[in-house]
Amino acid sequence: MRTLNTKVLIIWEQGDYDKACSTLEYSINTTEQMGNNYLVDLFDFSLNYARCLHEKGSDTRSKEYYSVSTYGQICLAAIPETYV
C-alpha cells in the first residue's frame with residue numbers, strides 16, 4: 001500500500017486529482033480492513049486524501065478526513081511504543 005501511496009502522490013502532482021482521490025479512497029478502504037497494525041498508514045492516506053480533496057475544491061469532505069487523520073495521529077502519539 002505504501003508504494004501505491006507514492007504513485008498517488010505522483011499522479012496528484014501531475015494534476016489528475018480525480019484519479020489520485022479515487023486511488024486514495026481504495027487505499028483507505030483496503031487499509032481499514034487490514035487491522036490495527038496499519039493505523040499509521042491509514043492516517044497517512046487520510047491526510048493525503050484530505051489534501052487532494054482540498055486541491056479539487058471539496059473543502060467540506062477535506063475537513064472531515066483532515067480531522068480524522070489529525071485526531072488519529074494525536075491518539076497514536078499518546079500510546080506507548082510497546083503497544084503500537
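The shown structure was predicted, so the numbers you read here are calculated from the model rather than taken from an experiment. All residue numbers in this chain count up from 1 along the given sequence.
At least one donor-acceptor pair under 3.5 Å links the side chain of Asp16 to the backbone N or O of Lys19. Put simply, the side chain of Asp44 never gets that close to the backbone of Val40: no donor and acceptor are under 3.5 Å apart. The closest donor-acceptor contact from the side chain of Ser62 to the backbone of Ser58 lies at 3.5 Å or more, if one exists at all.
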Stepwise side chain to side chain contact (heavy atoms under 4.5 Å, CB included) test for Ser22 and Asp18: CA-CA 6 Å; Ser22 67; Asp18 292 330; over 6 Å; no
Chi angles and distances behind the side chain to side chain contact (heavy atoms under 4.5 Å, CB included) call for Phe45, Leu4: CA-CA 10 Å; Phe45 300 150; Leu4 189 57; over 6 Å; no
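Here the OH atom belonging to Tyr49 is positioned 15.0 Å from the NE2 atom belonging to His54, to the nearest 0.5 angstrom. Atom CE in Met34 sits 7.5 Å away from atom CG in Asp41 (nearest 0.5 Å). Between Leu9 atom CG and Asn48 atom CG the span is 5.0 Å, to the nearest 0.5 Å. Between the CG atom in Leu53 and the CD atom in Glu25 there is a gap of 7.5 Å [rounded to 0.5 Å]. The structure places OG1 of Thr23 at 11.0 Å from CD1 of Ile28, a figure rounded to the nearest 0.5 Å. Distance check, rounded to the nearest 0.5 Å: CZ of Arg51 to NZ of Lys56 gives 16.0 Å.
For Tyr38, the OH atom counts as loosely surrounded, since its 6.0 Å shell holds 12 or fewer non-hydrogen atoms of other residues, nucleotides or ligands.
Pairing each heavy atom of Cys52 with each of Leu24, the nearest pair is CB-CD1, 4.2 Å.
Tracing side-chain contacts under 4.5 Å through hydrophobic residues (I, L, V, M, F, W, Y), one never reaches Tyr26 starting from Ile11; they form parts of separate clusters. In the hydrophobic clustering of ILVMFWY residues, with side-chain heavy atoms under 4.5 Å counting as a link, Val8 and Phe43 come out together.
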